[in-house]
Structures are given as C-alpha cells and as structure tokens.
Amino acid sequence: MRILAFYHIKGGVGKTATAVNLSYVAAKSGAKTLICDLDPQGSASFYFRIKPKFKSGAKGLIKGGKRIDRNIKGTDYENLDLLPADLSFRNLDINLANLKRSKRRLNEILAPLSNEYEYIFLDCPPNITIVSENVFDAADSIIVPVIPTTLSQKTFEQLYAFFKAKKYRTKKLSAFFSMVETRKKLHQETMVTLSEKFGKTILNSRIPYLSQIERMGVIRKPVTAAFPRSKAAQKYRVLWKEIE
Amino acid sequence: MFHPMRFELQKTHNEQALFSALKAHYSSKEERKTQKNSVLYDTFDWRLYNKSLSLSHSGNVLSVKKIIDGSPVDSITTSTVPKFVWDLPDSSLKRQLQPILEMRALLKILEIHICATPIRVLNEDEKTVALFIREESSIVNQKNKTVFLFYLHLKAVRGYEAEAKHLVEILEATGLALSQESVYKKALAAAGREAGAYSAKLNLALHPGMRSDEAAKAILRFLLNVMKQNEDGIKRDIDTEFLHDFRVAIRRTRSALSQIKNVFPEKITTRFKNGFSDLGKSTNQLRDLDVYLLHADEYKNMLPIQLRAEIDPLFDKLEEEREKALQNVTAVLDSPEYTVILRDWQAFLNQPPATTVTAPNAAVPVIRLAKKRIHKRYGLIIKNGSEITATSEDRLFHRLRIECKKLRYLLEFFSSLFAIEKVNYLIKQLKKLQDNLGRFQDLCVQEEELQNFIDAISLKNHRARKTIAAIGSLIGTLDREKQTVRAQFAEIIAEFASDGNSKVFQELFKSKRNEDIS
C-alpha cells in the first residue's frame with residue numbers, strides 16, 4: 001500500500017483537483033484506491049457529490065478502526081472509495097495534541113486499510129499543524145503543487161527548509177508546476193529557477209491552467225472521468241505515470 | 001459489504017410503477033446496455049453436475065460455481081476452453097477439476113446470451129447511491145429466443161446501506177420478490193436439456209414378484225440404451241470413455257444373459273450371447289490402445305528426463321495403430337450386421353410380456369432367481385478365494401477377479417429387490433476385494449506394455465540401451481508392487497469372508513426352495 005499526500009501551505013494551488021483526478025486514474029488502472037478528505041472545507045467530497053459528513057466526527061477519525069470503515073463511501077467510479085471530510089475536522093489538531101505519539105496517529109489509523117487498498121490519497125488542509133506533521137510522517141510521498149510565481153517559490157522554499165529542520169525525509173517530497181500559463185514570462189522564469197535549485201524534487205510533468213479543471217466544481221466529476229480525451233485528462237495521466 | 005441481490009421480474013412487470021415509486025426520493029439514469037455470452041460445459045456423464053458444480057466461460061473468464069446459488073468457487077483467465085482438463089493453464093481451478101473430470105472431454109451444454117442494462121439510482125446530489133442492473137437472458141440458437149430469465153439486480157454502493165435497504169422495501173412493495181432459484185437449472189430447462197440425463201449406473205426398480213424374464217428384459221433394455229447413447233461419441237472420437245461405457249454395457253449384457261439363466265428361449269440367448277461377444281471382441285484392440293496411450297504420460301514421467309524422448313517414436317506408432325483401430329470400430333458400428341443385431345435385440349426386448357412359460361425359469365418370481373444366483377456366486381468366490389495364496393499363479397487371481405465382477409453385476413442388477421443399505425454395504429465390501437484384484441491386473445497389464453516397449457526399441461545406439469535399461473528397472477518396480485499386492489490379498493479375502501459379511505449374505509440371499517430353479 002502506498003500513501004500519497006497532496007499538500008501545500010497555500011490554498012488554491014490545485015491540491016484537491018490533482019488528488020481527485022489522480023485518484024481516478026489510479027482506480028481506473030485497476031488499483032483499489034481510497035481518497036481521504038482531511039480538509040474541513042470538504043472540497044474533495046464535494047467533487048464526488050458525497051456529503052461532508054463523518055459519523056462520530058474528528059474524535060471518531062482519531063480513534064480509527066471500525067469508525068473509519070463505517071464512513072467509507074463508494075464513489076461513482078469502480079475501485080475508488082472516499083473517506084468524507086467533516087466540519088469537526090477543523091478541530092483535528094486540538095484533538096490530536098492530547099494524545100501520546102500525537103504525530104504518528106494518522107499512520108496507525110491508516111495501517112489496517114493496507115489489506116484493502118493499494119493506494120491511499122490524502123487531500124490535506126492548507127495549513128501547517130499537527131495534522132500536517134501526521135501527514136508528513138504517514139505518507140510515502142508528499143506531492144506539492146506549485147504555481148510558478150515568486151510568492152509561491154518562497155513558500156515552497158520555506159516548506160523544504162521546514163522539512164529539513166524537522167528531519168523529515170526530503171526524498172518524500174515531490175513538487176510539480178500547477179496552473180501553469182506558459183505565455184507568462186514570470187511563470188517561465190520561476191520554473192527555471194526552481195528546477196535548477198531543487199533538481200529531482202521537481203517532477204517533469206506540469207499541469208497547465210485549464211478552465212476545464214476549474215469547472216470541475218460545476219460538473220462535480222473528475223475531469224479525467226468526464227472528459228477522458230481532453231488535454232487536462234492527458235496531462236493528469238502523464239503526471240500519474242511519473243508518480244505511481 | 002453487500003452481496004448483490006436478485007429480484008425476479010415477470011414479463012408483465014410494470015417498470016413505470018417501480019420508477020414512479022422511486023421518484024419521491026431518487027432519480028434514475030439508464031445507461032448503455034451491454035451484451036455478453038456465457039457457455040456452460042460438462043462431460044457426457046455430467047460429472048460436474050453430479051458434484052453440484054457448474055463450469056462456464058464468458059469473455060475471458062472460465063469459472064466454477066455452485067449450482068445451488070451460483071456462488072463463485074474459483075476462476076481463471078483463459079480465452080479458450082480446452083477439451084481436456086490437462087490442457088488447462090496451471091491453476092487451483094485445474095487442480096480442483098482434475099480428479100472430477102479425469103479423462104472425459106468437456107462438452108458444450110448450452111450458451112446463454114445476457115443483455116444487461118445498468119440503471120443508476122441517484123440522490124438529490126445526483127450521487128449514485130445504488131445500481132440496478134436489468135438482466136435478460138435467452139438461450140443462443142433457440143428458434144423462439146424467449147427470455148427465460150428476467151432479473152433486476154440491486155447492487156448497493158459502499159456507505160449507502162440505508163438507501164439500499166430502502167430500495168429493497170420499495171421493490172418489495174411493488175410486488176417483486178428476491179429470487180433464490182438456481183440460474184443453472186432454469187437455463188437447462190429453457191434449453192430443453194435434462195441434467196444428469198446420461199448415467200451408466202444401473203437404476204432400476206424391479207418388483208420381487210415380477211417374472212424373471214420381464215426383470216431380465218428391463219435390465220437388458222437399460223443396457224441396450226447405454227450402448228446406443230455411446231455410439232456417436234465413439235465414432236466422433238470425443239474421448240476414450242464412450243467406448244469404455246459401451247464395452248461395459250456389452251459385458252453386463254452378456255453377464256445378464258449368462259447368469260440370469262434359462263429365462264429366454266435358448267435360440268435367443270445363444271444368438272445374442274455370441275453376437276455381443278463378437279461385438280465386444282471387435283472393440284478390444286481399440287480399447288487396449290486407448291489404455292496404453294492413457295498411460296503414456298505416466299510412463300514418460302517415470303523415465304529419467306534425458307531418456308524420455310527415446311520412447312516418443314513408440315507412442316507415435318501407437319497413435320497410428322489407434323487411428324486404424326478406430327476406423328475398424330467405426331466400420332463395425334456402421335455395418336449392416338450391427339444395425340440388424342441391435343434392431344432385433346430391441347425388438348425382442350420390446351415384445352409384450354409373455355404369459356406362458358417360454359423357458360424353464362421364465363415365470364419364476366425374480367426374487368427367488370436373484371437370491372439363488374447371488375448366493376451361489378458368493379459361495380464360489382469364498383471357495384476359490386480360500387485356495388489362493390501369495391504364491392499362486394497369476395491366472396488364479398485373474399479368474400477370481402472375473403468371478404467377483406459377475407457377483408458385482410448380479411448385486412447391481414437386483415439391488416432394488418433387497419434392503420438398500422445392506423446391498424450397498426455388501427457392494428462396498430466386495431469393492432475392497434475387487435480393488436485389490438483390479439490393482440493386480442493393472443500391474444500385469446502395465447508390465448506387459450512396458451515389455452512391448454523393450455521389444456520395439458531397436459538396439460541402435462547407446463541411448464537406446466540406456467532406455468531399455470531404464471524400462472527394465474521400471475518393470476522391476478512394478479514387479480515388486482505386484483508382490484506387495486499379492487501379499488495383501490490374504491488379509492483382504494479373509495475380511496471379505498468374515499463372519500460379519502457372511503451373516504449379511506446369508507440373511508439376504510439364502511433360501512430353502514431352490515430345486516425348481518434351474
């Protein structure tokens with residue numbers, strides 16, 4: 001079983017869109033996949049038309065076991081299940097802080113699912129809390145979408161430094177350029193700079209800005225499912241090939 | 001996790017009513033229908049059916065299921081279905097089927113065409129909360145192509161169990177019921193096939209007071225039918241067991257004519273005893289070659305790897321001889337003599353029951369005749385068996401084996417006249433003795449076959465010499481096993497002749513008034 005986290009401190013970078021679309025591609029290839037919506041905003045759940053309701057709330061999520069089982073929902077797509085978000089997840093870090101081994105709790109919760117799922121995707125909230133540290137610990141790969149602008153560059157450098165400082169394995173980190181507009185000179189320059197600075201940490205695949213991806217919230221289906229022959233879908237499939 | 005549920009639909013099913021009932025809480029979306037075919041297989045003698053299993057091939061998947069509820073047992077991916085189990089890809093499915101199918105060919109029983117239409121059930125967010133699949137099945141190649149199976153499957157979506165439960169309630173409220181029937185049985189009925197229709201096992205209901213000639217005719221009619229049912233399979237060379245069952249039916253026919261003495265006019269008995277004897281003999285060569293070739297792989301595997309290829313040319317020659325032997329048998333089956341003898345035999349057996357005494361024992365109540373013959377045969381076996389020791393000649397073992405077979409046939413012919421558990425018990429005891437004698441005979445045959453190999457290999461090179469030596473050592477192994485089997489005989493015959501068995505034999509078959517039966 002492989003755990004892939006989609007994470008960035010900043011919001012609006014394409015975390016959820018990427019997690020949702022790649023989870024579909026993974027499931028379509030035959031691998032049983034679970035996508036966990038850890039963001040109290042419930043965007044991933046929204047894209048799959050699943051109500052953001054987790055019975056027993058944040059406390060239940062932390063307890064794990066049967067409470068996880070009871071909340072898993074089948075998406076409309078074969079091999080793909082979703083663990084919905086809940087508004088109570090805004091208190092996840094408070095609930096975790098009181099536990100022993102508070103940073104390893106997520107790993108323990110997810111371990112029993114390895115019998116059932118080949119991939120677990122984590123759609124993470126855009127912040128840096130104990131929840132994030134749990135994610136850094138539990139995930140085998142941490143995928144970071146980066147919009148190639150100056151501020152975005154700074155934030156990524158901060159994240160990388162944080163990783164090194166906390167002694168997490170920087171090898172787990174993989175960044176890719178998201179919402180890229182190649183006409184913009186700033187985007188071009190930023191991509192060159194970051195690629196030079198971070199080498200293999202930056203993936204080759206890029207996801208351009210495409211209105212089709214933005215409209216996912218309207219059609220409420222992964223773009224890779226609704227428009228499999230579109231440019232967006234092709235780009236996501238290429239990205240998945242690089243990550244899988 | 002939900003197991004998909006199946007609701008049976010009638011042709012008159014009002015789908016509109018169902019969807020109106022759903023509309024209050026859900027919407028629905030019908031998707032493109034898919035079609036697929038599924039082919040059902042079994043052997044001529046229904047071996048899988050007799051084990052309550054079904055074997056079907058659909059798309060690229062070959063699956064074994066339980067007949068009773070269609071639940072899956074095992075499956076493999078394969079694009080074609082081989083004729084014989086040994087040609088299946090290595091798998092747990094192959095290992096499970098090998099002892100059941102053995103050397104019998106898989107025949108296509110029927111082909112089902114399934115038309116499936118998925119219907120998504122959606123909640124207010126237009127999320128699919130359950131899936132209906134409307135499935136219509138018909139038999140392929142049937143003239144009127146009627147749908148024999150019309151189901152609505154309900155597949156729940158994980159996490160939406162409450163919705164699934166609610167849907168079941170709605171379905172049941174519109175009058176639909178969960179179906180528990182076996183798809184297998186319905187399919188066979190629709191295709192006009194009767195499962196288990198062929199069996200070489202005698203299954204007759206005789207009455208104790210029946211005239212012996214009528215009882216004999218009932219037995220012989222059954223056996224004639226077995227012969228006829230196997231003719232086509234022999235000519236089309238489907239598998240080796242058609243000929244085997246044909247020959248066993250002939251053997252039993254001759255045994256019945258010999259052992260159920262003096263129930264028919266002598267001319268009839270003589271004509272047909274001889275006729276079937278000749279018929280049986282004309283198939284000997286083909287059967288011997290079939291057995292020889294069935295042993296081929298066994299013999300090859302017993303030799304060291306580097307020598308296995310040495311005996312390939314021998315098997316090629318055997319295959320050639322077999323082809324010729326098959327042509328001969330086919331010619332016999334197509335001959336006017338064969339047609340005449342079977343026609344005349346059928347005509348004789350179909351004659352209305354005689355009212356006069358056409359032969360000395362013809363009108364004797366069959367129960368008396370059966371008891372006398374069985375009791376006498378049992379006595380002979382005990383006597384001859386007691387005279388055989390571990391060092392007796394081979395031919396004495398063979399003679400006893402044939403006598404046991406005669407007793408076995410008698411018990412099988414007349415089993416319906418006696419208490420079933422007691423007869424089955426005796427047959428079981430007899431079988432232990434027959435197994436020992438049968439094993440002995442198999443070893444003798446194998447020794448002979450291997451000796452034939454040695455005689456056929458020309459001493460042309462070093463490898464040939466090595467092969468002969470290897471086969472020689474195999475013969476040695478077989479010989480040692482023969483000694484073991486001989487040694488076991490004493491204990492087995494003692495057990496058969498035990499007081500316990502004797503008591504049951506006497507109880508069932510001893511009777512006082514036998515002088516009038518010839």
Side-chain angles (χ1 to χ4, degrees), chain A residues 20 23-24 27-28 30 32-37 42-57 60-61 65-86 112-113 115-118 120 215-222 225-226 228, chain B residues 1-6 19 22-36 58-61 63 72 75-79 114 116-135 153-168:
Chain A
V20 162
S23 66
Y24 175 83
K28 187 93 168 71
K32 199 136 188 254
T33 306
L34 176 70
I35 172 167
C36 299
D37 189 353
S43 314
S45 310
F46 180 77
Y47 283 141
F48 283 112
R49 299 174 180 265
I50 294 175
K51 297 194 201 304
K53 186 89 196 75
F54 190 101
K55 287 178 246 185
S56 64
L61 175 68
K66 283 212 178 89
R67 285 170 200 79
I68 305 281
D69 269 352
R70 265 187 245 136
N71 280 293
I72 293 179
K73 301 249 182 270
T75 64
D76 287 4
Y77 312 104
E78 209 180 322
N79 290 328
L80 185 57
D81 291 344
L82 175 105
L83 193 63
D86 190 278
L113 296 168
N115 292 330
E116 221 195 316
Y117 296 103
E118 214 177 307
I120 297 189
R215 288 180 65 75
M216 252 172 61
V218 175
I219 65 165
R220 296 180 80 183
K221 282 183 190 182
Chain B
M1 291 294 276
F2 245 75
H3 184 69
M5 292 178 293
R6 209 173 60 193
F19 288 108
L22 287 179
K23 250 208 287 223
H25 310 269
Y26 309 101
S27 57
S28 65
K29 188 164 170 242
E30 196 169 298
E31 303 205 315
R32 215 160 40 144
K33 68 174 156 198
T34 58
Q35 323 229 25
K36 69 172 182 184
S58 182
N60 256 359
V61 180
S63 26
S75 62
I76 50 166
T77 311
T78 172
S79 54
I114 305 166
T117 310
I119 302 167
R120 288 181 181 268
V121 179
L122 309 168
N123 67 8
E124 67 270 20
D125 293 322
E126 289 191 22
K127 167 84 182 70
T128 305
V129 295
L131 194 63
F132 281 139
I133 303 179
R134 186 204 300 124
E135 212 175 77
H153 292 254
L154 170 61
K155 278 178 134 176
V157 173
R158 183 166 182 178
Y160 294 92
E161 285 81 15
E163 282 80 353
K165 238 176 124 185
H166 186 210
L167 287 168
V168 170

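As the structure is a computational prediction, the values presented were derived from the model and not from experiment. All chains are named by letter (A, B, ...) in the order of the sequence lines, taking the proteins before the strands, and each is independently numbered beginning at 1.
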For a quick check, list the donor-acceptor atom pairs closer than 3.5 Å between chain B and chain A, or say none.
residue	atom	partner	partner atom	Å
B:Glu124	OE2	A:Lys51	NZ	3.0
B:Asp125	O	A:Arg49	NH1	2.7
B:Asp125	OD2	A:Lys51	NZ	2.7
B:Lys127	NZ	A:Gly74	O	2.8
B:Lys127	NZ	A:Asp76	OD1	2.8
B:Thr128	N	A:Asp76	OD1	3.1
B:Thr128	OG1	A:Asp76	OD1	3.3
B:Thr128	OG1	A:Asp76	OD2	3.1
B:Arg158	O	A:Gly74	N	2.7
B:Arg158	NH1	A:Glu116	OE1	3.4
B:Arg158	NH1	A:Glu116	OE2	2.8
B:Arg158	NH1	A:Tyr117	OH	3.2
B:Gly159	O	A:Lys73	NZ	2.9

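Considering every non-hydrogen atom in both B:Ala116 and B:Pro118, the closest pair reads O-CD, 3.8 Å. Minimum interatomic distance between B:Ala164 and B:Leu154 (heavy atoms only, all atoms of both residues): O-CD2, 4.0 Å.
The ring pair (Phe, Tyr, Trp, His ring centres under 6.0 Å) search around A:Phe48 returns none, not counting sequence neighbours.
Considering only heavy atoms from C-beta on, B:Val157 stays 4.5 Å or farther from B:Leu131 through its side chain. The shortest side-chain heavy-atom distance between A:Ile35 and A:Val20 falls under the 4.5 Å cut-off. Between A:Phe54 and A:Leu83, the closest side-chain pair of non-hydrogen atoms falls below 4.5 Å.
When heavy atoms are compared at a cutoff of 4.5 Å, A:Leu82 does not approach chain B at all.
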